[in-house]
K.L.:
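Below you will find the structure I want to go over with you.
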There are 2 protein chains.
Amino acid sequence: MCHTSGVSSERAAHLLRLSALFQAAPAADVQALAELARLRTLRRGDVLFHQGDAATHLYVVESGWLKVSKLAAHGQREVVLHLSGPRQMVSGVSVFVDNARYSASAAALEDAGVLTLSAEAVRHQTAQSPALAQAVIAHFAKRHVELLERFDDLLFSDLNARLARLLLEHAPPGTTLLLPTNSELAAHLNTVPELVSRKLGEFYRQGFISLERRTVRIVDEAALRSLGGP
Amino acid sequence: MCHTSGVSSERAAHLLRLSALFQAAPAADVQALAELARLRTLRRGDVLFHQGDAATHLYVVESGWLKVSKLAAHGQREVVLHLSGPRQMVSGVSVFVDNARYSASAAALEDAGVLTLSAEAVRHQTAQSPALAQAVIAHFAKRHVELLERFDDLLFSDLNARLARLLLEHAPPGTTLLLPTNSELAAHLNTVPELVSRKLGEFYRQGFISLERRTVRIVDEAALRSLGGP
DNA sequence: CGCTTCCTTGAGAGCAGTCAACCTTTGTGG
DNA sequence: CCACAAAGGTTGACTGCTCTCAAGGAAGCG
């Protein structure tokens with residue numbers, strides 16, 4: 001599935017210092033963490049951790065993209081909470097809760113490399129370094145606000161609105177976008193692939209977007225905005 | 001609407017030290033905050049802050065209960081995110097985001113008293129006191145996990161399951177519970193009062209609960225659990 | 001070319017939401 | 001004590017959105 005290897009502490013320190021979370025922390029603190037870091041390689045589709053697993057590690061993406069998602073109990077339903085790219089932290093939250101389990105799953109969207117840090121080490125370093133603690137607080141606060149926005153999005157909007165907003169965000173008028181699979185879109189919109197297909201078709205027929213193969217371009221921005229607004 | 005008054009710093013310090021957030025912090029740090037604290041009195045229904053207001057203050061509940069909820073854009077729809085009672089913090093998150101606005105609203109469920117602390121002062125003290133920073137991190141992490149559980153609840157369960165779980169949680173078998181209004185229940189379940197009425201009626205007719213006036217008691221625990229489980 | 005995967009489309013079912021009417025309870029003032 | 005009003009609760013009929021199932025078509029890859 002995936003592979004863990006040692007990594008020079010200089011390289012790890014370099015990566016950590018670039019990360020959003022650790023860039024504010026003193027070099028010495030980062031160095032201490034870096035010595036303990038390992039680099040793990042993921043292939044597209046590999047799962048970094050499953051929802052419910054004991055939260056033992058914190059990860060920093062080095063390359064590639066991960067998706068963090070929640071899975072419905074029995075069904076196949078999946079909702080994407082967040083995408084994490086280079087320099088971003090994954091699973092920061094669970095690590096700071098006692099005896100926590102991951103409350104979501106993380107998987108690689110493409111081949112990726114992640115630095116793994118043990119929860120214990122991170123907590124210890126954070127307790128030592130006020131600057132690092134500040135950075136963690138700022139990160140959590142930001143993530144929390146993002147999550148609340150997602151709440152609004154998923155609870156108060158119908159599918160037309162969610163899809164319209166997704167298109168406006170990812171394919172700003174004037175640009176073009178190669179769509180991922182309908183399944184992946186569905187996971188972002190909290191729906192099923194069939195509905196994505198239908199709605200895209202409707203938008204096309206109504207002249208809101210142009211659609212060629214899987215390439216989409218916004219034609220009628222105003223229409224999409226009015227769908228996304230209310 | 002509501003009333004702000006000075007409060008002796010000894011009393012404020014005492015309250016703060018009892019709060020979940022500040023109990024781990026050094027006395028000197030708490031004292032500094034307490035000098036700046038004011039006590040605000042709310043009457044049932046008063047709104048402490050509205051979603052979208054600039055996030056200028058952090059609040060610690062002294063007495064009474066507040067509900068933190070999100071409101072749908074135009075409609076009347078409301079979803080309760082969290083209830084905060086004595087010693088609990090309200091709006092901790094927004095205060096640590098730059099130029100943030102409250103991402104939810106807070107209102108008093110009953111007459112209440114809250115200590116108000118300026119965002120600036122809290123951020124400053126947190127930067128000074130590592131122990132306080134640790135407490136903030138632990139609090140945020142816990143809140144984040146709670147929010148993700150709410151996600152599951154609202155996105156992956158139908159109304160029967162949500163109501164069943166709410167009943168099991170608030171009226172453990174053997175105990176009895178006086179229900180709030182259907183509107184309030186609806187806000188917890190992300191639905192409308194009519195549906196709450198209907199579902200409670202169904203549960204009663206099926207013999208899952210006993211219902212007299214507004215007093216409910218669980219009769220068939222297994223049935224409710226099986227509704228809440230899948 | 002055949003396999004697999006994904007996309008598309010139709011038909012139908014179910015849950016949730018809306019609207020409107022009516023009923024119950026509560027509290028107030030005459 | 002009654003009359004009344006206001007707030008909340010209940011119920012029925014109806015609509016609409018989303019999901020499911022199933023069949024068939026297009027695209028990518030060996």
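By convention in this document, chain letters (A, B, ...) are assigned in the order of the sequence lines, proteins followed by strands, and residues within each chain are numbered from 1.
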K.L.:
Quick one: B:L185 CG to D:dT10 P, roughly how many Å, whole number?
P.N.:
11 Å
K.L.:
Without swapping roles, check the side chain of A:E169 against the backbone of A:L166 for a donor-acceptor pair under 3.5 Å.
P.N.:
no
K.L.:
Can you check the B:L155 CG to C:dA16 C1' distance for me, whole Å?
P.N.:
15 Å
K.L.:
Tell me the interatomic distance from A:N182, atom CG, to D:dG25, atom P, rounded to whole angstroms.
P.N.:
19 Å
K.L.:
Tell me the interatomic distance from B:L154, atom CG, to C:dA16, atom C1', rounded to whole angstroms.
P.N.:
14 Å
K.L.:
Can a side-chain donor-acceptor contact be found between B:N182 and B:R198 if the only test is distance below 3.5 angstrom?
P.N.:
no
K.L.:
To the nearest angstrom, how far is B:L178 atom CG from D:dG8 atom C1'?
P.N.:
14 Å
K.L.:
Kindly indicate whether the side chain of A:R40, heavy atoms from C-beta on, has any atom under 4.5 Å from the side chain of A:L48.
P.N.:
yes
K.L.:
Atom OH of A:Y204 to atom C1' of C:dC7: distance rounded to whole Å?
P.N.:
16 Å
K.L.:
Please report the distance, rounded to the nearest Å, between CD in A:E212 and C1' in C:dC7.
P.N.:
17 Å
K.L.:
So, is B:R213 close to the C:dT24 phosphate, meaning a side-chain N or O under 4.0 Å from OP1 or OP2?
P.N.:
no
K.L.:
Taking side chain as C-beta onward, heavy atoms only, is A:L163 less than 4.5 Å from A:L200?
P.N.:
yes
K.L.:
Whole angstroms only, please: what is the CD-P distance between A:E184 and C:dT5?
P.N.:
15 Å
K.L.:
For nucleotides 11-22 of chain D, just jot down a letter per nucleotide in 5' to 3' order: B, S or -, based on protein non-hydrogen atoms under 4.0 Å.
P.N.:
BBB----SBBB-
K.L.:
Could you check whether the rings of A:F49 and A:Y102 sit parallel, tilted or perpendicular, using 30° and 60° as the cut-offs?
P.N.:
parallel
K.L.:
Using a distance-only test with no angle check, is there a side-chain donor-acceptor pair under 3.5 angstrom linking B:S157 and B:R165?
P.N.:
yes
